[in-house]
2 protein chains.
Amino acid sequence: MTRKEQILNKALELINEKGFVHVGVREIARELKISPGNLSYHFGKKEDVLMALLERYREANTSLYETYLATPPSLKGFLHLMKSIFESQYLYRGVFIGNQYVQAQLESGDHFNYQEIYERRLAGFARIFKELHTAGHLKLSEEDVRFLVFHMTLAGRFWIYEATLFDKSPDRDSTVKHYLWMLSKQLSLFATETGRQSIGAFTAELE
Amino acid sequence: MTRKEQILNKALELINEKGFVHVGVREIARELKISPGNLSYHFGKKEDVLMALLERYREANTSLYETYLATPPSLKGFLHLMKSIFESQYLYRGVFIGNQYVQAQLESGDHFNYQEIYERRLAGFARIFKELHTAGHLKLSEEDVRFLVFHMTLAGRFWIYEATLFDKSPDRDSTVKHYLWMLSKQLSLFATETGRQSIGAFTAELE
DNA sequence: GTCTATACAAGGATAGAC
DNA sequence: GTCTATCCTTGTATAGAC
């Protein structure tokens, strides 16, 4: 494991535990028995550590999406995709919650363009839901598609905020299960008979 | 306006603009042409300013809930309530997003008990939805109630995160309108004919 | 009771040694 | 490539003026 990876792993561990603003660079360095300045060498600023973690998260998830898109559309498959994503988000929960810290970066524009990422997410979900409509799993009007897409961008991103902020002793599996139930329920409101069976198949496997 | 109020107002303004962690106590003091130490006099720590703002937000909203509960239950009335709450949340958006900063306080337990607040919210929404069921505006199974309650606690709190984090030029009215549309749509999935008319009456007034 | 001036500790960042 | 010494900013606390 390279120094960079060591730093990232330790930083993620501490950030998940205490929150980004409460983790000092000196603390990370002390834990790894290296000097604080060494952190500055590998990552210029503390924020850059957060950015690198976000990047690592995004890479992992991109491949998950691609795997899903390579198979025939089904609600069961979609729920499996979201399960993997939820677990990944849980792993990086401190990073998401700490990202308010980089809010100021948005205007400077040199880092991630969140606006753009957000719109790619909208487009991605729209595609997925339209395919599920065509495949006969969901029955959606144009408005329904827009609604579900907005629902996914909101709930799919911020469930982890709720879980982390309000749950004192979060346990990954039960937390993820709760939000997958929410998602299944939401989808079933628009599901065809085929779709409901597909959801049922997913739920059955989950037990 | 008392000094305390001056400080709170200026702090809210700056926090909404730049985020809690990016606003220094010296900056607030400079803007008000007072000394930094004066802030320590009125509020012990920087966090206490955030807490006071949260408290002010909560007080404003408690009365909104009470007003709603004093009238006969209707979806139109409920949407009006949520509109007021959304506007209030927009006003305090920086405070919400900054509250990750106080995450560590949760364990110490002397401040707000978020777990308790969360559960009161659950109970409050459950009561509201059950009343709307009895009043013939919604048609809900036990599971539906649970689902809608969880939906409200998530969407009703974190829409403001999404709006602030992803929207570059947020305008209060159009933002609130978007999320009220989302909420109306969600409720209409469970609404009776009476309920749908009530939602329609709200939407018509909104234009 | 309010406020200023000031001191101090802790954290992030950086120049330069090895 | 790794690290130390150092600087600067920020939050916090307090002595003492009015």
Side-chain angles (χ1 to χ4, degrees), chain A residues 1-54 94-95 97-108 110-111, chain B residues 1-54 94-95 97-108 110-111:
Chain A
M1 192 160 50
T2 68
R3 244 310 113 81
K4 259 184 128 94
E5 283 166 342
Q6 278 178 36
I7 294 170
L8 285 176
N9 289 338
K10 182 55 75 178
L12 180 58
E13 182 188 324
L14 292 171
I15 287 170
N16 278 343
E17 192 185 328
K18 311 168 65 175
F20 181 68
V21 288
H22 295 109
V23 177
V25 287
R26 284 173 171 81
E27 184 182 1
I28 300 170
R30 196 183 333 118
E31 292 266 321
L32 292 172
K33 297 189 187 6
I34 61 176
S35 80
N38 200 357
L39 273 171
S40 297
Y41 168 69
H42 287 289
F43 302 91
K45 294 182 298 179
K46 189 182 159 188
E47 271 180 41
D48 295 341
V49 178
L50 200 75
M51 287 310 201
L53 284 170
L54 257 182
V95 175
I97 302 201
N99 75 349
Q100 66 111 162
Y101 190 82
V102 293
Q103 197 185 349
Q105 298 283 327
L106 296 186
E107 277 108 54
S108 74
D110 48 343
H111 264 108
Chain B
M1 192 159 51
T2 69
R3 231 330 97 84
K4 260 183 127 95
E5 283 166 341
Q6 279 179 37
I7 293 170
L8 286 177
N9 289 338
K10 180 57 75 179
L12 180 57
E13 182 190 324
L14 291 170
I15 288 170
N16 279 342
E17 191 185 327
K18 310 167 66 174
F20 181 69
V21 288
H22 295 109
V23 177
V25 287
R26 284 173 173 80
E27 184 182 3
I28 300 170
R30 195 185 332 118
E31 291 266 321
L32 292 172
K33 297 190 188 0
I34 61 177
S35 80
N38 199 356
L39 276 170
S40 293
Y41 169 67
H42 287 288
F43 302 92
K45 294 182 297 179
K46 188 182 161 190
E47 270 181 42
D48 295 341
V49 177
L50 199 77
M51 287 311 198
L53 284 169
L54 257 182
V95 175
I97 301 198
N99 75 350
Q100 68 112 158
Y101 190 82
V102 293
Q103 198 186 349
Q105 297 284 327
L106 296 186
E107 278 108 54
S108 73
D110 48 343
H111 266 109

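Within every chain, numbering begins at 1; the chains are lettered A, B, ... in the order of the sequence lines, protein sequences first and strands thereafter.
For the pairing with R3(A), the side chain to side chain contact (heavy atoms under 4.5 Å, CB included) check across L8(A), I34(A), L32(A) returns one residue only, I34(A).
Rounded to whole angstrom, the span from the CG atom of L50(A) across to the C1' atom of dG12(C) amounts to 15 Å. Y41(B) has its OH atom 21 Å from the P atom of dT6(C), to the nearest Å. Rounded to whole Å, the distance from CG on L39(A) to P on dC3(D) is 10 Å. In this structure, the NE2 atom of H42(A) is 16 Å from the C1' atom of dA13(C), given to the nearest Å. Rounded to an integer number of Å, the gap from Q6(B) CD to dT2(C) P is 13 Å. Regarding E27(A), its CD atom lies at a distance of 14 Å from the C1' atom of dG12(C), rounded to whole Å. Between the CZ atom of R26(A) and the C1' atom of dT4(D) there is a distance of 12 Å, given to the nearest Å. A straight line from CZ of F43(B) to C1' of dA13(D) spans 17 Å, rounded to a whole angstrom.
Between R3(A) and dG1(D) there is no side-chain polar atom (N or O) within less than 4.0 angstrom of OP1 or OP2. Taking 4.0 angstrom as the limit, K46(B) places a side-chain polar atom (N or O) nearer than this to OP1 or OP2 of dG11(D). At the phosphate of dT4(D), OP1 or OP2 sits under 4.0 Å from a side-chain N or O atom of S35(A). Taking only side-chain nitrogens and oxygens, N38(B) never comes nearer than 4.0 Å to OP1 or OP2 of dT2(C).
Classification of E27(A) and R30(A) as a salt-bridged pair fails, no side-chain N sitting under 4.0 Å from a carboxylate O.
Across N99(A) and L50(A), no two heavy atoms sit closer than the pair CA-CD2, 4.2 Å. For the residue pair G98(B) and F20(B), the shortest heavy atom distance occurs at CA-CB, 4.0 Å. The shortest heavy-atom contact between L39(A) and I28(A) is CD1-CB, 4.0 Å.
Within 4.0 Å of G24(B), counting heavy atoms only, lie sugar-phosphate atoms of the nucleic acid but no base atom. Counting any heavy atom pair closer than 4.0 Å across all strands shown, V49(B) reaches no nucleic acid atom. Nucleic acid contact class of V21(A) (heavy atoms, under 4.0 Å, all strands): none.
The side chain of V25(B) approaches dG11(D) more closely than any other nucleotide in the set dG11(D), dT14(D), dT14(C).
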